[in-house]
There are 2 protein chains.
Amino acid sequence: MSESPVSQEPPIYRRIADGLRTRILAGELRDGDRLPGENTLMAEHAIARATARQALAVLINEGLAVPKRGSGVYVRLFKPIRRHGSRRLSREQWGQGRAIWDADTRGRPFTVDEVEIVRQPAAPDVAAALDADEVWVRRRRYLVDARPVQLASSYFPAEVVEGSAITLHDTGPGGVYARLGDLGLPPAHFTEEVRARMPRPPETDLLDLPGGTPVIEVSRTAFTASGRPVEVNRMVLDSAAYILQYDFDA
Amino acid sequence: MSESPVSQEPPIYRRIADGLRTRILAGELRDGDRLPGENTLMAEHAIARATARQALAVLINEGLAVPKRGSGVYVRLFKPIRRHGSRRLSREQWGQGRAIWDADTRGRPFTVDEVEIVRQPAAPDVAAALDADEVWVRRRRYLVDARPVQLASSYFPAEVVEGSAITLHDTGPGGVYARLGDLGLPPAHFTEEVRARMPRPPETDLLDLPGGTPVIEVSRTAFTASGRPVEVNRMVLDSAAYILQYDFDA
DNA sequence: AAGTGGTCTAGACCACTAG
DNA sequence: TAGTGGTCTAGACCACTTT
């Protein structure tokens with residue numbers, strides 16, 4: 001080619017990506033619509049395959065498009081669940097035998113799998129947070145509409161919960177928080193730490209995340225009224241599936 | 001080459017990325033350390049340039065590495081600010097003439113730039129949230145240690161704040177919330193919506209984000225004691241710079 | 001001047017999906 | 001079977017950083 005590069009404008013792949021992004025954000029291309037593929041872009045812009053791929057990669061990494069092998073690249077959907085940070089953990093929820101999760105999905109079908117319950121030595125940070133060397137861990141994965149949306153690991157001081165239903169698959173009405181209440185240690189205060197980052201391989205697989213999808217990491221510690229930590233819950237959420245809501249007063 | 005592909009194992013670029021990731025997460029390669037570059041990987045693994053690039057791109061998109069042109073690819077740093085969702089907005093903060101931001105940075109130097117204050121028609125979602133057609137908007141960018149970490153746009157019902165210091169660059173002691181108090185509309189309740197996504201071009205530039213860095217979107221609405229919405233604040237945070245903390249009771 | 005990452009070309013073979 | 005995206009090779013020129 002040897003076209004004068006002018007070099008002050010963005011590279012070809014960026015200009016192509018910009019054009020497609022504009023059409024997506026303007027609503028001209030909608031959820032689930034098919035984008036022009038590699039071959040189309042090569043022909044339309046007279047570019048090499050790698051350059052066309054690079055343009056599509058921009059949109060994929062922005063989470064605006066999803067590639068489907070053998071089929072095409074498609075505009076991506078975003079239909080989040082609203083997760084209420086405070087309301088969902090009110091005493092009324094678990095005090096009346098309802099699972100916390102019900103507060104989020106409001107009727108939408110959800111399932112839990114990959115349940116694993118083990119007793120093990122606590123990792124340093126968990127040990128520090130719970131002031132315990134041994135912990136019971138409850139690991140699970142949540143799916144809504146058959147789609148995985150969250151990984152969660154709950155840690156409990158082993159000596160405290162040993163022998164309770166917290167170490168069983170079926171924790172009974174109200175779940176683990178109701179059981180902590182039975183033990184005389186009802187959670188009264190929570191603190192949640194929230195951060196976002198890109199997923200790493202095990203998470204990408206377990207949550208079935210396409211490129212360009214960050215995860216939200218929520219680490220929650222539950223305290224009794226006297227300030228004793230009784231649970232640490234580490235969650236990894238598909239960011240495309242969630243909006244977190246927090247309410248508080250001045 | 002024509003090596004038997006075996007095809008059941010991951011592609012070359014993935015294996016290389018996996019190896020480097022393991023070394024990073026194990027602490028063998030530390031914050032700021034230089035990774036083997038394209039040329040090194042080409043030589044070590046006898047691969048083409050594009051394949052080496054692809055391997056490094058994996059780590060960059062995971063936010064574990066940052067490329068510096070002309071120099072190399074480096075392991076990435078993560079030194080977040082802890083942002084207290086509730087404490088920072090307590091009445092004591094702005095009631096005593098302190099800027100809210102002080103609650104976050106705790107002495108670390110911060111600056112504000114790109115300040116823009118305009119009156120304009122409200123976008124549909126803001127109009128709905130504030131029940132107002134015209135709004136005053138305060139846009140700004142926050143920098144900590146000379147690094148941009150947050151973009152923020154605050155919206156106020158125009159008729160309410162017209163003529164107050166909220167429409168000026170210097171809002172006076174206690175900031176805009178104290179001024180709302182002066183107007184007889186002190187914020188009493190807040191609701192924050194949090195989500196994460198990959199940044200789009202204007203944000204990438206303004207926050208100077210390297211690849212693989214999601215943003216956290218926080219949309220906060222402030223209400224008076226009587227439930228009247230008086231402010232909508234939309235923030236975009238560099239996810240590598242922040243941990244959000246929320247405290248609440250059962 | 002040498003080395004680095006950024007962009008791009010022109011091919012190739014593969015696995016997968018769809019009509 | 002034809003078309004799609006996924007992986008890979010073997011080159012090239014550029015702008016930038018470092019020495």
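Convention: sequence-line order gives letters A, B, ...; per-chain numbering from 1. FYI, side chains are in, hydrogens and waters are out, and symmetry mates aren't considered; it's all heavy atoms of this structure.
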Which distance, rounded to the nearest 0.5 Å, do you find between the [atom1] of [X] and the [atom2] of [Y]?
X         : Y         : atom1 : atom2 : answer
Met198(A) : Asn61(B)  : CE    : CG    : 6.5 Å
Glu192(A) : Asn233(A) : CD    : CG    : 8.5 Å
Leu143(A) : Arg141(A) : CG    : CZ    : 5.0 Å
Arg49(A)  : Met42(A)  : CZ    : CE    : 5.5 Å
Asn39(B)  : Leu41(B)  : CG    : CG    : 9.0 Å

DNA chain C base-pair string [pairs: Watson-Crick or G-U under 3.5 Å; |: paired with another strand]: ||||||||||||||||||.
Contact residues, residues 198-215 of chain B to DNA chain D [heavy atom, < 4.0 Å]: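 Those residues: none at all.
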Candidate list Arg139(B), Arg138(B), Arg234(B), Arg140(B), test side-chain hydrogen bond (donor to acceptor under 3.5 Å, both in side chains), partner Ser154(B), passing option: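 That would be Arg140(B).
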Nucleotide [N], atom [atom2] - distance to [atom1] of [X] in whole Å:
X        : N       : atom1 : atom2 : value
Met42(A) : dG3(D)  : CE    : C1'   : 13 Å
Leu56(B) : dT7(C)  : CG    : P     : 14 Å
Ile16(A) : dC8(C)  : CD1   : C1'   : 12 Å
Gln54(A) : dC8(D)  : CD    : C1'   : 16 Å
Ile60(B) : dG6(C)  : CD1   : P     : 6 Å
Arg53(A) : dA10(C) : CZ    : C1'   : 15 Å
Leu41(A) : dC8(C)  : CG    : C1'   : 15 Å

Sugar-phosphate only, base, or nothing, as touched by Ile12(A) at under 4.0 Å among non-hydrogen atoms: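 Contact class for Ile12(A): sugar-phosphate only.
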Verdict with reasoning, Arg21(B) to Glu62(B), per salt bridge (Lys or Arg N to Asp or Glu O under 4.0 Å): CA-CA 10 Å; Arg21(B) 186 190 307 103; Glu62(B) 285 177 357; 2.9 Å; yes
Nearest listed nucleotide, side chain of Thr51(A), among dT9(D), dG6(C), dT9(C):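 The nucleotide sitting nearest to the side chain is dT9(C).
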Partners meeting side chain to side chain contact (heavy atoms under 4.5 Å, CB included) with Arg119(B) (sequence neighbours left out):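 Side chain to side chain contact (heavy atoms under 4.5 Å, CB included) check on Arg119(B) returns Glu134(B), Trp136(B), Ala158(B), Glu162(B).
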Residue list, side chain to side chain contact (heavy atoms under 4.5 Å, CB included) with Thr191(B), at least two apart or on another chain: Gln245(A), Asp247(A), Thr221(B), Phe223(B)
Any Tyr13(A) side-chain N or O less than 4.0 Å from OP1/OP2 of dC8(C):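 No, Tyr13(A) has no side-chain N/O under 4.0 Å of OP1/OP2 on dC8(C).
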Asp18(B) backbone acceptor or donor facing Thr22(B) side chain under 3.5 Å: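 Yes, Thr22(B) side chain to Asp18(B) backbone: donor-acceptor pair under 3.5 Å.
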Identify each donor-acceptor pair in which a side-chain atom of residues 28-36 of chain B lies under 3.5 Å from a protein atom, sequence neighbours left out, and give them as a table.
residue, atom, partner, partner atom, Å
Glu28(B), OE2, Arg23(B), NE, 3.1
Asp33(B), OD2, Arg30(B), N, 2.9
Arg34(B), NH2, Ser71(B), O, 3.3

What protein N or O atoms touch nucleotides 2-4 of chain C N or O atoms at under 3.5 angstrom, if any, and at what distances?
residue, atom, partner, partner atom, Å
dG3(C), N2, Gly70(B), O, 3.0
dT4(C), OP2, Asn39(B), ND2, 2.7
dT4(C), O2, Gly70(B), N, 3.4

